[in-house]
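Taking it in order: structure first as structure tokens, then the write-up.
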Amino acid sequence: MNVFNRFRDEVVGIVADMAGEGRLPQGLDCSRVSVEPPREAAHGDLTANAAMVLAKAAGMKPRDLAELLAERLEGLEGIAGAEVAGPGFINMRLDAELWHGCLADVLRTGTAYGDSSIGGGAPVNVEFVSANPTGPLHVGHGRGAVFGDALAALLEKAGYDVTREYYINDAGAQVEVLAKSAAARAGEALGTGELDAAAMEGLYPGDYLKPVGRKLAERIDAARLDADDAENLEFLIRFATDEMMDLIRGDLRALGVSIDVFTSERDLVERGAVDDALRFLDERDLVYTGVLEPPKGKQAPEDWEPRPQMLFRATRFGDDVDRPLKKSDGTWTYFATDIAYHLDKYRRGFANQIDVWGADHGGYVKRMRAAVKAVSEGAADLDVKLCQMVKLLEAGAPVKMSKRAGAFVTLTDVIDRVGKDVVRFIMLTRGSDATLDFDLAKVTEQSRENPVFYVQYAHARVCSVLRHAAEEFEATELVPESLAAAPLTRLADAAEIDLIKAMADWPRLVESAAQAHEPHRVAYYLGDLAARFHALWNKGKDDARLRFLLPEDRGLTLARLALVQGVALVIASGLNVLGVTPLEELR
RNA sequence: GGCCCCGUAGCUCAGUCGGAUAGAGCGUCGGAUUCCUAAUCCGAAGGUCAGAGGUUCAAAUCCUCUCGGGGUCGCCA
């Protein structure tokens with residue numbers, strides 16, 4: 001348990017004890033009581049808001065209640081002092097030994113430090129990427145992939161049972177276009193000559209389909225390339241989407257993302273999942289035939305005509321209008337199959353669902369949440385995380401992406417250029433709902449400006465110190481388990497204790513970032529921890545007594561090695577969540 | 001017109017289930033290197049948290065309205 005939760009329990013316990021003694025009312029609601037590090041270091045190590053939160057119900061002035069609680073807290077083991085401040089905060093200082101204990105805990109726990117049980121093993125489904133199987137992933141997909149994967153890892157660290165899922169949109173018109181494009185490329189391979197832009201009009205023009213066409217040409221004869229034949233089309237779609245999914249799986253592998261479950265829209269439709277879902281809704285009177293108002297935009301679509309449609313009563317679940325389930329040609333809308341898909345996820349045991357989408361899908365959030373409420377009868381919750389655009393830059397100038405020529409910058413282009421670790425870290429240096437500038441030149445710079453480097457450098461510096469130490473100490477003395485037994489009480493400088501406090505904050509950060517579904521907080525935390533470490537390092541330049549390696553004092557040296565090893569472990573623990581490999585050396 | 005996201009230092013952005021004197025990097029100015037990687041660090045200056053009301057012990061954070069930027073709006077996914 002982390003130090004903050006531990007003392008929160010103490011505070012709540014004291015309130016209960018005093019209620020038992022009749023000094024406070026029974027049954028006070030302590031759910032809003034928190035124990036946190038104060039914003040100002042001068043206010044001590046911990047601060048509790050209990051007195052302010054409980055004052056009204058207790059019928060006391062906040063400061064009077066705070067005094068009562070502070071008196072009891074002061075007597076607790078590990079607390080060096082407790083005083084009332086401001087409107088009724090209880091500020092506590094902790095014994096240095098308690099912080100030394102935290103460091104020993106880090107060293108014994110290793111990169112598992114920060115693991116939490118708040119998830120309680122509850123299943124969570126994180127659906128992300130879900131790019132159409134019509135081509136390689138581009139940079140925007142990459143952001144969703146990194147975000148989803150890191151969020152999944154964060155939730156795992158917080159104790160959830162996470163499934164990473166990819167929804168393959170292989171049933172719409174776009175895969176027919178793909179099939180025809182692949183057939184055209186196969187024809188090209190069979191000797192009809194190179195296709196120009198005009199010949200690819202309305203098809204996917206990218207070069208990535210040329211090898212698919214060649215492969216297709218080797219498998220079948222020209223007669224089967226006629227996509228107007230339904231049976232042929234069926235085959236071509238299967239073939240081409242399988243090829244595209246291989247391509248995408250390769251892209252994801254290059255990014256270090258591994259998906260647990262791929263679900264095919266086509267399979268869902270074929271096994272009747274959409275009919276099932278719609279029957280389910282219909283039985284509850286949530287489907288009806290009606291006519292929608294035209295959109296009130298300044299330009300109503302020219303071909304708009306009022307038409308009776310099958311609609312879902314999304315307005316009953318907080319949406320603004322009811323939503324269509326069938327297109328005019330009688331096939332299901334994307335929304336209808338997506339309802340079936342989310343019902344399928346719910347029936348597989350996921351009452352906790354997270355979807356990661358691009359920001360251009362923002363208009364669908366309400367209806368999808370409405371649908372999840374409907375098909376689970378209120379039992380499931382869907383959180384949709386929208387990832388904003390990535391602006392790709394080259395030394396400050398926008399990188400041109402020509403979609404028309406099919407020559408857009410792919411995710412693998414970027415990974416090849418800067419490496420998967422850099423891509424992953426940079427993608428997580430902003431909240432998902434902020435647009436992200438990704439400068440190809442800057443992200444590989446070795447400077448303070450580059451957060452990836454800055455954090456990696458801190459880790460590498462620790463490794464460098466340990467390499468130097470290996471000249472004076474046995475390898476067995478330097479492993480974390482041995483360092484946990486070093487004379488840690490000799491760590492007495494305020495900057496050293498501050499560094500431990502920063503480490504002690506990691507478990508708390510894991511929990512809050514996981515609950516907020518915000519993995520970028522991990523990247524910021526690591527930047528902060530790295531900064532504190534670099535600062536301490538430089539103090540050793542001003543004052544040689546603060547250096548980590550002191551030839552004349554083996555005990556203190558071991559204590560400091562324990563300290564820096566702890567930093568490296570926490571950084572590694574955080575980088576593991578982000579899916580970034582901690583480096584032992586920078587060149 | 002409806003809905004969603006955003007508006008915080010000159011720039012790029014953190015901080016938002018309400019907490020004390022609002023933070024970081026860059027940029028500007030001034031410093032630190034016979035030394036465990038100066039690839040780093042220390043200090044200074046820089047704010048009407050878009051604006052106006054409201055809720056309360058307490059608002060950048062919650063509510064309402066206004067302004068500004070972006071996204072989106074049946075038969076694309």
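Convention: sequence-line order gives letters A, B, ...; per-chain numbering from 1. Values below: all heavy atoms of this structure, side chains included; hydrogens, waters and symmetry mates excluded. Since this is a predicted model, take the numbers as computed values, not measurements.
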Sugar-phosphate only, base, or nothing, as touched by A:Val365 at under 4.0 Å among non-hydrogen atoms | nothing
For A:Lys327 and B:rA77, is the shortest distance between a side-chain N/O and OP1 or OP2 below 4.0 Å?
-> yes
Contact under 4.0 Å: A:Lys541 side-chain N or O vs B:rA38 OP1/OP2 | yes
Under 4.0 Å between a Lys/Arg side-chain N and an Asp/Glu carboxylate O for A:Arg521 and A:Glu511?
-> no
With a 6.0 Å cut-off on ring centres, are A:Tyr167 and A:Tyr341 close enough?
-> yes
Shortest non-hydrogen pair, A:Glu394 vs A:Asp439, comes out as C-OD1, 3.8 Å
B:rA20 and B:rG15: how far apart are their P atoms, nearest whole angstrom?
-> 16 Å
Quick one: is B:rA24 close enough that its OP1 or OP2 comes under 4.0 Å of any side-chain N or O from A:Tyr525?
-> no
Please confirm whether A:His534 and A:Tyr454 have ring centers closer than 6.0 angstrom.
-> yes
Can you tell me if the side-chain N/O atoms of A:Trp537 get under 4.0 Å from OP1 or OP2 in B:rA38?
-> yes
A:Phe89 aromatic ring stacked with six-membered ring of B:rA20, 5.5 Å and 30° | yes
Between A:Arg461 and B:rC36, is there a side-chain N or O to OP1/OP2 distance below 4.0 Å?
-> no
Decide, applying a 5.5 Å centre-distance limit and a 30° plane-angle limit (both strict), whether A:His361 stacks on B:rA77.
-> no
Take atom CH2 of A:Trp332 and atom P of B:rA77, then tell me their distance rounded to the nearest Å.
-> 14 Å
Could a donor-acceptor pair under 3.5 angstrom be found where the side chain of A:Thr47 meets the base of B:rA20?
-> yes
Are A:His520 and B:rG15 close enough that a side-chain N or O sits under 4.0 Å from OP1 or OP2?
-> yes
Under 4.0 angstrom, heavy atoms only, what part of the nucleic acid is A:Phe453 near: base, sugar-phosphate, or nothing?
-> base
A:Lys56 side-chain N/O to B:rC57 phosphate OP1/OP2 under 4.0 Å | yes
